[in-house]
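Quick caveat: nothing in here was measured; it's all calculated off a predicted structure.
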Amino acid sequence: MEEDPFLRKFQPSELKIASEFLTNCLPFLSRDLCKDCVNVLSDRIHSLDPEHCSKVDGEGNNKAGLESEGTSNNVKETEISFGTLSEVLGSVLPSRQAAETASPRMSWADMSQEDEFEEEEGEEEESRKAFDASPMKTPEKPKLSREQREDLRLRNVKRKKDFICLERVKGKLVNVVDGLELHTGVFSAVEQKRIVDKVYELQEKGRKGELRERTFTAPQKWMRGKGRVTIQFGCCYNYATDRAGNPPGILQREEVDPLPSLFKVIIRRLIAWHVLPPTCVPDSCIVNIYDEGDCIPPHIDNHDFLRPFCTISFLSECNILFGSNLKIEGPGEFSGSFSIPLPVGSVLVLNGNGADVAKHCVPAVPTKRISITFRKMDESKRPVWFTPEPDLEGIEPLPLDMNRSDSAARSSGSSNNHNGSNRRGGYGRRGGGGGNNYETRGYYNPERSSEQYDSREWSSGQRRGRPRPSRTS
């Protein structure tokens with residue numbers, strides 16, 4: 001192998017690292033191969049390591065040695081491989097342990113797509129010391145300012161606003177989902193993890209009684225779909241008439257905990273990135289923690305809260321149903337005419353008909369899920385103890401490049417009609433029959449419309465395209 005012109009390009013230490021890495025991946029690389037092929041592949045990988053080559057006899061017969069390495073030395077080899085791999089890839093991927101133990105930061109300068117830059121500076125110090133001793137170097141990352149990183153991410157946010165579902169309401173054909181918007185790419189995977197970790201921290205505090213009594217609720221799961229955990233901040237919302245005779249709505253004399261600092265950081269992001277308007281800055285929120293089978297029945301959000309409001313999805317994708325006549329098919333099972341998949345990390349904004357004409361519900365979720373709904377209270381309905389948060393005042397949207405063609409963005413999603421019957425939330429639907437014909441897995445949805453807008457559009461929430469008269473509900 002020493003005479004191979006390809007290998008001459010690399011230093012012995014680099015070949016050793018490659019050998020260790022490929023040895024670690026050997027079970028995957030050799031899957032479904034015959035025994036002879038596995039031996040040939042093993043020989044080729046181990047021959048990259050100069051130290052290993054020196055141990056092989058003059059005839060190059062090292063199969064017995066490989067077999068012994070695959071048994072008695074397997075654990076040692078694996079440890080070496082993982083150790084070297086973490087050193088090599090440490091400058092690209094933050095370690096899992098470091099990500100879990102990193103202290104929360106309250107600035108979106110840190111919570112940006114490129115925030116791995118800041119994280120690595122603190123998390124990789126030991127790895128970098130070991131790696132610097134190696135002759136293999138990686139190119140330096142481009143240095144971008146916070147403003148440059150934020151502007152880059154803001155441009156890449158995808159915004160879908162052309163939802164159409166025509167139903168007859170009081171004898172008239174109405175687009176009952178006019179006003180809905182789906183924003184993807186607002187939160188990176190790192191940001192989502194920090195938010196989810198914070199939710200679990202708050203849940204644990206609630207279990208220990210460290211939050212106010214009405215802040216944390218964990219009812220008994222007495223039937224399918226009933227019993228999701230809720231954590232309320234800013235106000236206590238009464239879902240139904242309680243034993244004291246209080247009607248549904250904000251309970252003005254019940255105290256809950258104020259918004260956590262991290263949640264206020266999220267709110268500032270929503271305003272700055274043109275997800276919510278600066279005229280409707282949320283001052284309350286509710287966290288829903290779903291276990292498998294939990295759901296939210298059909299409802300329209302109480303008008304103690306202003307429009308628009310939004311909900312952010314974490315951990316897993318689920319469907320949300322809309323319609324003026326949603327039906328309950330069974331515990332946690334609902335049917336309706338319009339279904340939207342909510343990708344992980346996405347933000348769904350509810351306004352106009354989508355908030356006030358159509359009901360919405362979340363059928364029984366197939367796996368663990370967290371959602372956080374941010375809303376602004378009607379000032380006349382605020383609790384008597386409520387005090388506005390000073391750091392949520394005067395937030396302004398960031399400048400947004402409006403040079404892109406809005407007409408192109410609209411046309412890219414204009415055919416995306418969700419009309420049609422969806423039972424049990426329509427899990428797994430992808431295209432056809434009026435279903436959802438675009439990919440929603442992951443954190444981004446690059447195939448759909450990316451219409452951009454500025455704060456002026458928020459003053460005309462009903463100025464969207466009229467329902468086509470040729471369509472039927």
State, to 0.1 Å, how close [X] and [Y] come at their nearest heavy-atom pair, and which atoms those are.
X    : Y    : answer
R307 : I300 : NH2-CG2, 3.9 Å
G336 : L321 : N-CD1, 4.1 Å
N302 : P248 : ND2-O, 3.4 Å
S335 : E329 : OG-OE2, 2.6 Å
A218 : V229 : CB-CG2, 4.0 Å
P308 : P277 : CG-CD, 3.6 Å

Please test L180 against I340 for side chain to side chain contact (heavy atoms under 4.5 Å, CB included), starting from the C-alpha separation and ending with a verdict.
CA-CA 10 Å; L180 296 184; I340 301 178; 3.8 Å; yes
Enter the distance from [X]:[atom1] to [Y]:[atom2] here, rounded to the nearest 0.5 Å.
X    : Y    : atom1 : atom2 : value
F216 : R207 : CZ    : CZ    : 6.0 Å
N288 : C295 : CG    : SG    : 11.0 Å
L350 : D301 : CG    : CG    : 7.0 Å
I271 : L392 : CD1   : CG    : 9.0 Å
I296 : S371 : CD1   : OG    : 5.5 Å
L182 : S346 : CG    : OG    : 5.0 Å

For V174 and L166: C-alpha separation, side-chain torsions, deciding distance, then whether side chain to side chain contact (heavy atoms under 4.5 Å, CB included) applies.
CA-CA 5 Å; V174 176; L166 303 181; over 6 Å; no
Flag this pair as yes if the NZ/CZ of R194 is under 6.0 angstrom from the six-membered ring centre of F187 and inside a 45 degree cone about the axis; otherwise no.
no
Ring centroid separation F322 to F163 under 6.0 Å:
no
Please assess V157 against H274 for the test side chain to side chain contact (heavy atoms under 4.5 Å, CB included), listing each intermediate value before the final yes or no.
CA-CA 10 Å; V157 172; H274 299 255; over 6 Å; no
Who pairs with P388 by side-chain contact (heavy atoms from CB on, under 4.5 Å), at least two apart in sequence or on another chain?
R382, F386, E393
Please enumerate all residues that pass side-chain contact (heavy atoms from CB on, under 4.5 Å) together with N238, with sequence neighbours excluded.
D242, N246, L251
For a 4.5 angstrom cut-off between non-hydrogen side-chain atoms, does [X] reach [Y]?
X    : Y    : result
I266 : R269 : no
H303 : D378 : no
F263 : F233 : yes
V199 : I372 : yes
I267 : L259 : yes
V177 : N353 : no
K158 : H183 : no
V176 : R168 : no

Any salt bridge linking [X] with [Y]? Criterion: basic side-chain nitrogen under 4.0 Å from a carboxylate oxygen.
X    : Y    : result
D291 : R228 : no
K160 : D162 : yes
R159 : E181 : no

Ignoring hydrogens and geometry beyond distance, is a side-chain donor-acceptor pair present between E292 and T367 at under 3.5 Å?
no
Look only at the side chain of [X] and the backbone of [Y], and say whether a donor-acceptor pair between them is shorter than 3.5 Å.
X    : Y    : result
Q232 : Y237 : yes
D283 : M377 : yes
S313 : V344 : no
R369 : E317 : no

Give the C-alpha distance, both sets of side-chain angles, the deciding distance and a yes or no for side chain to side chain contact (heavy atoms under 4.5 Å, CB included) between L270 and V347.
CA-CA 9 Å; L270 296 174; V347 185; 4.3 Å; yes
E204 meets the side-chain hydrogen bond (donor to acceptor under 3.5 Å, both in side chains) criterion, sequence neighbours left out, with none
For Q148, give me all partners under side-chain hydrogen bond (donor to acceptor under 3.5 Å, both in side chains), at least two apart in sequence or on another chain.
S145
Those residues that, when tested against Y200, pass ring pair (Phe, Tyr, Trp, His ring centres under 6.0 Å) (two or more places apart)
none
Non-neighbouring partners of E210 that pass salt bridge (charged side-chain N to carboxylate O under 4.0 Å, His left out), sequence neighbours left out
none
Taking atom NZ of K327 as the centre, report whether more than 12 heavy atoms of other residues, nucleotides or ligands fall under 6.0 Å from it.
no
Over 12 foreign heavy atoms within 6.0 Å of NZ, K376
yes
Assess whether side chain to side chain donor-acceptor pair (under 3.5 Å) is satisfied between W385 and Q252, documenting all intermediate values.
CA-CA 8 Å; W385 51 266; Q252 295 186 318; over 6 Å; no
So T215 and D257, side chain to side chain donor-acceptor pair (under 3.5 Å) or not? Walk me through it.
CA-CA 6 Å; T215 296; D257 289 88; 2.8 Å; yes
Given side chain to side chain donor-acceptor pair (under 3.5 Å), test E167 with S337 step by step and report yes or no.
CA-CA 9 Å; E167 294 184 356; S337 56; 2.3 Å; yes
